[in-house]
Amino acid sequence: MNCPNCGTQLTATDTYCSFCGARVYHQPIVSQQSQNPDSSQSRWQAPTPPKKDDDPKKNIRALLLSILGIVVAITLAAGIFSYINDRNEETLWEDCVSKQQIDDLRTYIDKYPDGEHFEEAKEMLNRLVRDKDDWDQARASNDEDHLRSYIRNHPTSDHLEEAHELLDDVVWNNIIVKNTKDAFESYIKEFPDGKHIADARSHFDEKRLAELTIDEQDNVISSIHNFLLGLEEWDENLMLTTCNLQMSNFMGKPNASISDVGDYYAAFRESNIDSIGFSDLNADVRKVIKNDKRAEYKVVFTTTRKMRREGAEIEEVSSMKGQALLDDRFRFNELTMDKVTQ
């Protein structure tokens with residue numbers, strides 16, 4: 001017969017399964033005599049079940065098997081839990097590395113104090129906290145030096161692009177205040193793709209055009225000198241070649257024409273002046289670009305005039321101050337000259 005519990009083949013005398021320890025009950029064998037209705041024994045009686053036969057060795061074996069099953073189940077469950085926990089840790093750590101978020105790192109540190117990446121997580125968290133504090137200070141300061149320091153000290157920061165944009169605006173505002181050619185040129189070099197590059201180039205071109213060259217300054221002073229030399233030498237042509245067809249405020253006359261200048265010279269020459277000379281010419285020249293992009297030159301100059309009248313024994317010495325506006329061909333559009341002291 002076979003064990004009704006596990007199916008192991010048993011002998012007719014086995015009362016317990018040698019493999020699983022289950023109790024085995026044998027069916028009684030009915031004799032031919034009891035099956036014969038004509039037998040003298042009219043009624044079959046079932047045999048009394050044998051008494052329970054406790055086998056200590058079999059009981060211990062069954063207990064050990066049960067304990068082994070429990071241990072295996074616990075070990076398997078622990079392994080599954082450990083795998084899931086490790087997998088969750090790695091997933092969270094991957095998020096920390098990719099997203100670089102302070103909250104994620106704090107969650108990892110709190111949840112996995114014995115985690116494989118614990119020390120690395122602490123170091124990354126400290127770095128991000130320092131970065132955030134430094135960025136908050138630099139942004140609030142709106143200061144060029146603070147922003148440059150932040151960019152230099154945090155080359156991998158998530159705020160690096162924003163820091164460069166803010167620095168762009170701060171530097172531009174400072175350059176507008178300076179309003180010099182060199183300042184605009186420095187912006188163009190540092191921010192070739194900056195937000196204000198178009199304005200910077202436009203201002204730079206204007207400043208470059210408005211920059212007074214040595215040759216331009218020499219030409220302006222030469223025009224003033226030739227005008228004064230024409231007075232000294234009674235040379236009307238030399239004086240008039242320095243003037244446009246019309247000037248303003250020449251010798252106190254508004255909108256003076258070149259003809260007016262000639263009349264003044266003639267009257268000056270026919271007066272009782274015996275001689276006149278000019279020396280110690282000093283000029284402050286400023287170049288200006290007009291709307292049509294053409295240059296003009298504003299000049300303030302001083303000179304010493306020495307003049308002797310007919311019959312006079314003493315030479316008059318006077319300090320003269322003049323203002324002039326010359327065009328891009330270095331001819332006078334405006335000219336005034338007044339005596340300051342005598």
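Just so you know, these numbers come straight off a predicted model, no measurement behind them.
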Between CG of Asp327 and CD of Glu296, what distance do you get to the nearest 0.5 Å?
-> 8.5 Å

Can you name the residues that form a salt bridge (Lys or Arg N to Asp or Glu O under 4.0 Å) with Glu144, not counting sequence neighbours?
-> Arg148

Side chain Asn244, main chain Gln246, donor-acceptor under 3.5 Å = no

Distance col, row Thr304:OG1 vs Phe278:CZ, nearest 0.5 angstrom, shows 10.5 Å

Just wondering, are more than 12 heavy atoms of other shown residues or ligands nearer than 6.0 Å to CZ in Arg208?
-> yes

Please round to the nearest 0.5 Å and tell me the distance separating atom CG of Asp199 and atom OH of Tyr187.
-> 8.5 Å

Atom of Met239, atom of Thr242 and distance for their closest heavy-atom approach | O-OG1, 2.6 Å

In terms of the angle between their ring planes, are Tyr108 and Trp93 parallel, tilted or perpendicular, with boundaries placed at 30° and 60°?
-> tilted

Write down the atom of Lys339, the atom of Met320, and the distance for their closest heavy-atom approach.
-> CA-SD, 3.5 Å

Evaluate salt bridge (charged side-chain N to carboxylate O under 4.0 Å, His left out) for Lys253 paired with Asp260, printing each intermediate quantity in order.
-> CA-CA 9 Å; Lys253 182 177 182 179; Asp260 293 327; 2.9 Å; yes

Please round to the nearest 0.5 Å and tell me the distance separating atom CG of Asn219 and atom CD1 of Ile214.
-> 12.0 Å

Sidechain N-carboxylate O distance under 4.0 Å for Glu316, Arg309 | yes

To the nearest 0.5 Å, how far apart are CD1 in Ile273 and CD in Glu310?
-> 9.5 Å

Return yes when atom NZ of Lys287 has more than 12 non-hydrogen atoms of other residues, nucleotides or ligands closer than 6.0 Å, and no otherwise.
-> yes

Within one Ile-Leu-Val-Met-Phe-Trp-Tyr cluster: Phe191 and Leu147, side-chain cutoff 4.5 Å | yes

Would you say Lys290 has more than 12 foreign heavy atoms packed within less than 6.0 Å of its NZ?
-> yes

Report whether Phe330 and Ile221 are members of the same hydrophobic cluster (ILVMFWY, side-chain heavy atoms less than 4.5 Å apart, transitive linking).
-> yes

Measure the CG-OG1 distance between Asp280 and Thr303 for me, rounded to the nearest 0.5 Å.
-> 6.5 Å

Describe, in one word, how the ring planes of Trp172 and His203 are oriented to each other, choosing from parallel (under 30°), tilted (30 to 60°) and perpendicular (over 60°).
-> tilted

Between Arg201 and Asp205, is there a side-chain N and carboxylate O pair less than 4.0 Å apart?
-> no

If Ile, Leu, Val, Met, Phe, Trp and Tyr residues are connected whenever their side-chain heavy atoms lie under 4.5 Å apart, and connections chain through other members, are Ile289 and Leu325 in the same group?
-> no

Met307 reachable from Ile224 in the ILVMFWY side-chain graph, under 4.5 Å edges | yes

For Tyr150 and Ser157, does a side-chain donor sit closer than 3.5 Å to a side-chain acceptor?
-> yes

Linked, directly or transitively: Leu212 and Phe332 (ILVMFWY side chains, under 4.5 Å) | yes

Has His146 got more than 12 heavy atoms of other residues, nucleotides or ligands less than 6.0 Å from its NE2?
-> no

Reference residue Asn174; test side chain to side chain contact (heavy atoms under 4.5 Å, CB included); the match among Val170, Val171, Ile176 | Val170

